[in-house]
There are 2 protein chains.
Amino acid sequence: MSGKSRAETMEENRAKILSAARKTFAEKGFAAASMDELTADVGLTRGALYHNFGDKKGLLAAVVAQVDGEMAARALAIGVRHENEWDALLAEGIAYIELAQEPEVQRIVLLDGPAYLGDPSQWPSQDACLQLTERTLTRLIADGVVKPVDAGAAARLLTGAALNAASWVAASKDPATALPQAIESFEALATGLLAKR
Amino acid sequence: MSGKSRAETMEENRAKILSAARKTFAEKGFAAASMDELTADVGLTRGALYHNFGDKKGLLAAVVAQVDGEMAARALAIGVRHENEWDALLAEGIAYIELAQEPEVQRIVLLDGPAYLGDPSQWPSQDACLQLTERTLTRLIADGVVKPVDAGAAARLLTGAALNAASWVAASKDPATALPQAIESFEALATGLLAKR
DNA sequence: TGAGTTGACATACGCATCGTATGCGACTAT
DNA sequence: ATAGTCGCATACGATGCGTATGTCAACTCA
């Protein structure tokens with residue numbers, strides 16, 4: 001019983017390519033990544049790639065969805081630990097700033113993703129991070145904690161601020177000191193959404 | 001005296017290529033833009049391109065600097081009309097949201113620029129928008145109007161929020177109604193930076 | 001003023017890469 | 001057993017980039 005079913009090896013090869021792409025895209029960027037090299041590194045050819053993902057952009061989309069999903073899951077796990085919904089929102093935002101420090105996220109999700117797949121709000125994966133904060137914001141607005149602004153717009157602004165903060169920290173000369181400064185500013189900005197003072 | 005000097009035609013050809021690049025990059029994106037076509041459209045060859053701009057990325061950098069500079073100039077002109085520095089900052093931010101609605105800015109400065117040239121804070125042009133708001137913020141912090149946060153971080157967060165808002169509006173189904181919502185949220189967020197309430 | 005030099009651009013070449021069309025072996029169903 | 005399908009490899013054509021080399025006009029200087 002050592003043989004693998006057809007569907008099993010199929011999934012294995014898909015995963016191999018996805019994993020290799022995730023690494024290569026993060027290191028060299030999407031444009032500079034050669035599909036010949038990438039597939040050869042896992043013992044396959046481009047034939048497998050085009051069969052599984054359609055084309056090069058299809059592979060990027062799959063990688064983005066994976067990384068994006070993991071980030072949302074981690075942020076959610078952090079936010080859920082807070083009883084107060086507002087504190088959870090803040091914690092999630094700060095989590096984004098910290099999670100987006102990884103070169104993988106920086107390069108794939110924040111740089112190449114938008115450039116080749118278009119604006120995140122149009123992605124099939126629908127930017128998991130955005131949806132998460134939008135739902136949280138909607139509840140907070142209903143509870144009167146947050147000003148009655150459009151939740152979609154506020155969510156986009158908030159995550160946009162957080163992710164830009166992450167890029168700023170990652171690109172700064174001294175990330176260790178830049179990170180707390182970014183978080184401080186983020187918290188200050190966020191409090192602007194509060195209804196009561 | 002109808003003859004043009006060597007330096008004159010040089011500048012003319014540079015401007016021709018730059019103008020064509022600005023249009024093509026905005027319409028088809030950086031990756032899909034063929035340098036053969038682009039130069040042929042203005043009656044030149046790639047030889048002129050590589051002589052004037054070094055390589056394809058060099059051309060993108062020049063275009064980005066131009067568009068970025070124009071945007072900062074327009075935002076500054078708007079902000080300067082306000083006597084109150086804080087109102088000027090808000091007006092500048094809102095101006096970014098509106099100015100960044102143009103497909104040129106969206107595609108070139110916000111998508112392809114970061115992807116191919118790296119984080120804006122590392123650009124030679126040093127993201128004119130960022131510098132502008134950072135200086136304004138520094139003055140406001142010195143005056144005690146804004147909380148004593150790091151001006152660089154806050155500037156990045158603020159412009160990041162504004163530019164993401166612009167992308168959100170541009171990608172939304174109904175930009176006409178999304179724009180005021182984005183501005184409303186932006187103003188709310190910005191007030192979080194105020195020291196006194 | 002005329003020969004030499006420089007500079008701006010064109011031409012030509014090699015190399016890499018992508019997408020597709022085609023081929024082949026393994027598995028499956030009847 | 002055989003025909004058909006599926007997953008992937010191989011082969012091909014088409015672009016596009018960067019560089020090395022060529023060329024001709026403009027500028028310099030004696």
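Note on naming: letters A, B, ... go to the chains in the order of the sequence lines (proteins, then strands), and numbering restarts at 1 for each one.
Mapping A:G47 and A:A32 onto DNA chain C via the closest heavy atom, the residue that lands nearer the 5' end is A:A32.
Atom CG of B:L59 is separated from atom P of D:dG16 by 16 Å (rounded to the nearest Å). Atom pair A:M10:CE and C:dT28:P shows a separation of 14 Å (rounding to whole Å applied). In this structure, CZ of B:R46 is placed 14 Å from P of D:dT15, rounded to the nearest angstrom. The distance between atom CZ of A:F30 and atom C1' of C:dT17, rounded to the nearest whole Å, is 12 Å. Taking atom CZ of A:F53 as the reference point, atom P of D:dG7 lies 13 Å away to the nearest angstrom. Rounded to whole Å, atom P of D:dG7 lies 13 Å from atom CD1 of A:I17. Between the C1' atom of D:dC17 and the CE atom of B:M35 lies a distance of 9 Å, rounded to the nearest Å. For the pair A:K56 NZ and C:dT20 P, the interatomic distance rounds to 14 Å; values are reported in whole Å.
Comparing D:dC8, C:dC18, D:dG18 by their closest approach to the side chain of A:Y50 singles out C:dC18. If you check D:dG18, D:dG16, D:dC8 against the side chain of B:D55, the one that comes closest is D:dG18.
Base contact: A:T45 has a heavy atom under 4.0 Å from a base atom. Using a 4.0 Å heavy-atom distance criterion, A:A31 is classed as making no nucleic acid contact. Within 4.0 Å (heavy atoms only), B:A40 reaches no atom of the nucleic acid at all.
The phosphate of C:dC9 (OP1 or OP2) has a side-chain N or O of B:N52 nearer than 4.0 angstrom. OP1 or OP2 of C:dA8 lies within a sub-4.0 Å distance of a side-chain N or O belonging to B:H51. Contact between the side-chain N/O atoms of A:N13 and the OP1/OP2 oxygens of D:dG7 is not found at any separation under 4.0 Å.
Using modelled atom types, one finds a donor on one side chain and an acceptor on the other under 3.5 Å when comparing A:N164 with B:R156. With hydrogens and angles left out, the side-chain atoms of A:T177 and A:D174 include a donor and acceptor closer than 3.5 Å. For the residue pair A:D36/A:S34, the side-chain donor-acceptor check at 3.5 Å is not satisfied.
Few gaps surround NZ on B:K16; more than 12 heavy atoms of other groups in view lie less than 6.0 Å from it. Around NZ of B:K57, the count of heavy atoms belonging to other residues, nucleotides or ligands within 6.0 Å does not exceed 12.
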